Amino acid sequence: MKILVIGKGGREHALAWKLNQSPLVDKVYVAPGNPGTAAFGINVDIKDSDIKTLADFAEKEKIDLTVVGPETTLALGAADEFEARGLKIFGPRKDVARLESSKDFAKHIMNKYNVPTGAYETFTDFENAKAYVLKHGAPIVIKEDGLKAGKGVTVAMKIEEAVEALEIAFAIPDNKVVIEEYLDGFEFSLIALAHEDKVIPLEVGQDHKRVFDGDKGPNTGGMGVYSPVRRVTKEIIDASVNEIIRPTLEGLKKEGLPFTGFIFAGIMDTKEGVKTIEFNARFGDPEAEAILPRMESDLVQLILDIMNGKETEVKWSEKTTVGVVLASEGYPASSTSNAEIEIEDGMESILFHMGTKEENGKLYTNGGRVLIVVAEGDTLAEAKEKAYNDIEKIKCEKLFFRHDIGAKDVV
Ligand code: AMP
Ligand code: GLY
């Protein structure tokens, strides 16, 4: 088979790397890919937003299966375009991808189909939004509608922070804001392969969203991850699949919006049971980089199975993975580029590229999140030690990382 992966980050590197291991696969193309994917795949110089050219390429090369990484590609209608041309694509159509691209839509589906989530209200003007915040008090959560790369959310512990977030949000014309009840509990990410009402759940990972050690500083796309998460027992996963993922997929199907692709639920395990924080219509990044190396099953076969309506069991390695992100100075507010990266020999971990570029045989930073070092161990402590030892082998003056990835794994 010929496979096309759309995207250029660490998630797409991990997806392409895993798909490439399938005995069913002859060639993996990645558009546009990165220096990491070039090591085993064929990078194709087409932007992940250029839907028509991507579909032209898939037609011309007779690609058997396309897997979409980024939410923006889905929100632009990649699946609609590919399907209209009879091309097989694993990712939801534009209307369905609203599950991620519109928080308001996601909340509407959850409420209509009794999917547990925090109470909320949607606002289009500052005064009413502020009145709601004053009435309900803090802590409270302010979420801008639309795709914000994980940055449009303020978890306000004080009223003043909430009001300030509303001021910023409503400074943007025609903005919509969801104000949500604060959920207290243990957060984890559950990703599943889905097609209509069929589900193949994967093992869970835990992201570290805040930029600094001890969960300090602003939210980011994710600074590190580990998998599995021992606190998230089989009962919690089963409850998440049965109370959150299945009813959401069934609801979407009833609405005439059947989902195909990776569905990602950000879940809070609270005193009252599991509650949905958010949905994404794609694999998580950095979750993919820690979860896929633990998967022993053939990912291509799993995708074909689910697209044929078959709920297959997934085989997993008993090992624990820890992934530590190296980000550019200033991230998430800004990011520097063009800092040279040197990597010493002898690294035991897998290195996925998130935002790098290669020029004249040298590697440079090229974005906010740059690399992720993913180590495997018999225990979390062993994986952690390996990951942090290997980080020492990456020489670059403009990178920083969190030192406490996995520290929350207390059972
Ligand atoms: P989101 O982009 O919706 O995932 O939000 C980013 C982060 O904010 C989440 O990963 C949570 O850590 C936090 N968050 C979002 N919604 C809530 C909520 N209702 N209660 C507590 N924390 C939340
Ligand atoms: N790591 C969270 C996300 O991919 O949105």
Side-chain angles (χ1 to χ4, degrees), residues 7 9-12 14-15 68-72 74-75 97 99-107 110 115-121 133 136 138-157 161-162 165 169 177-191 202 204-211 215-227 229 261-272 274-292 323-325 327 332 352 354 368-369 372 402 405 408:
R11 165 185 49 212
E12 291 78 19
L15 280 167
V68 185
E71 58 275 24
T72 43
L74 295 164
L99 193 61
E100 170 166 10
S101 62
S102 166
K103 300 216 185 270
D104 188 34
F105 174 75
K107 281 290 197 183
M110 284 189 261
V115 176
T117 186
Y120 81 108
E121 221 165 289
V133 163
H136 289 266
I140 197 158
V141 183
I142 312 291
K143 299 186 173 184
E144 291 182 51
D145 202 46
L147 291 177
K148 304 283 173 195
K151 289 175 226 156
V153 175
T154 304
V155 180
M157 301 315 283
E161 282 173 62
V177 169
V178 169
I179 304 185
E180 191 177 84
E181 172 195 352
Y182 172 79
L183 300 174
D184 195 14
F186 187 78
E187 187 178 348
F188 62 95
S189 311
L190 176 65
I191 293 125
L202 304 182
V204 300
Q206 193 181 48
D207 193 3
H208 295 62
K209 300 238 183 193
R210 303 293 187 115
V211 70
D215 289 336
K216 300 277 187 328
N219 265 321
T220 67
M223 292 298 293
V225 57
Y226 63 93
S227 172
V229 185
F262 294 106
I263 184 166
F264 169 131
I267 298 173
M268 196 72 91
D269 182 35
T270 73
K271 282 200 195 99
E272 297 110 52
V274 288
K275 292 197 183 182
T276 319
I277 298 170
E278 63 160 352
F279 280 115
N280 294 320
R282 50 161 177 90
F283 219 121
D285 189 357
E287 285 86 342
E289 293 95 306
I291 293 173
L292 292 172
V324 183
V325 171
F352 290 119
M354 302 182 94
R369 293 188 295 172
I372 179 166
R402 273 183 63 161
I405 303 304
K408 271 188 272 187

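Please read all numbers here as calculations on a predicted model, not as lab measurements. Start at 1 and go down the list; that is how both ligands and their atoms are numbered. Scope of the values below: all heavy atoms of this structure, side chains included, with no hydrogens, waters or symmetry mates.
- Taking each heavy atom of Glu287 and Ile191 in turn, the nearest pair found is CB-CD1, 3.7 Å.
- In this comparison of Val155, Asn219, Ile142, the heavy atom closest to atom 6 (C) of ligand 1 sits on Asn219.
- Counting only heavy atoms from C-beta outward, the side chains of Glu289 and Arg11 approach each other to under 4.5 Å.
- Atoms of ligand 2 lying under 4.0 Å from at least one heavy atom of Asp207, given by number and element, are 1 (N), 2 (C).
- Annotation for ligand 2: atoms under 4.0 Å from non-hydrogen atoms of Gly221 are 1 (N), 2 (C).
- The pair Arg402-Asp215 meets the salt-bridge criterion, with a side-chain N (NZ, NE, NH1 or NH2) lying under 4.0 Å from an Asp/Glu carboxylate O.
- Close contacts between ligand 1 and Lys143 involve ligand atoms 3 (O), 15 (C), 16 (N) [criterion: under 4.0 Å to a heavy atom].
- Near Lys209, meaning under 4.0 Å from any of its heavy atoms, are these atoms of ligand 1: 4 (O), 10 (O).
- Taking 4.0 Å as the cut-off between side-chain N and carboxylate O, Glu180 and Lys103 do not count as a salt-bridged pair.
- In Val225, neither the side chain nor the backbone holds a heavy atom less than 4.0 Å from any atom of ligand 2.
- Between Arg11 and ligand 2, no N or O atom pair is found at a separation short of 3.5 Å.
- Listed by number with element, the atoms of ligand 2 under 4.0 Å from a non-hydrogen atom of Arg282 are 3 (C), 4 (O), 5 (O).
- When every heavy atom of Ala169 is checked against every heavy atom of Val177, the shortest pair comes out as CB-CG2, 3.6 Å.
- Heavy atoms only, all atoms of each residue included: Leu74 and Ala97 are closest at CB-CB, 4.1 Å.
- At least one donor-acceptor pair under 3.5 Å links the side chain of Glu12 to the backbone N or O of Gly9.
- By the criterion of a heavy-atom distance under 4.0 Å, both the backbone and the side chain of Leu183 are placed next to ligand 1.
- Between Leu183 and Thr270 the shortest heavy-atom distance is CB-CG2, 4.5 Å.
- Proximity of Tyr226 to Gln206: side-chain heavy atoms (C-beta onward) are separated by under 4.5 Å at one or more points.
- Those atoms of ligand 2 that come under 4.0 Å of a heavy atom in Pro286, given as number and element, are 1 (N).
- Counting heavy atoms under 4.0 Å from ligand 1, residue Asp184 does not touch it at all.
- At a 4.0 Å cut-off, at least one heavy atom of Lys103 sits close enough to ligand 1 to count as contact.
- Heavy-atom contacts of Gly284 reach the following atoms of ligand 2: 4 (O) (cutoff under 4.0 Å).
- Interface atoms of ligand 1 facing Glu180, defined by a heavy-atom separation under 4.0 Å, are 16 (N), 17 (C), 18 (C), 19 (N).
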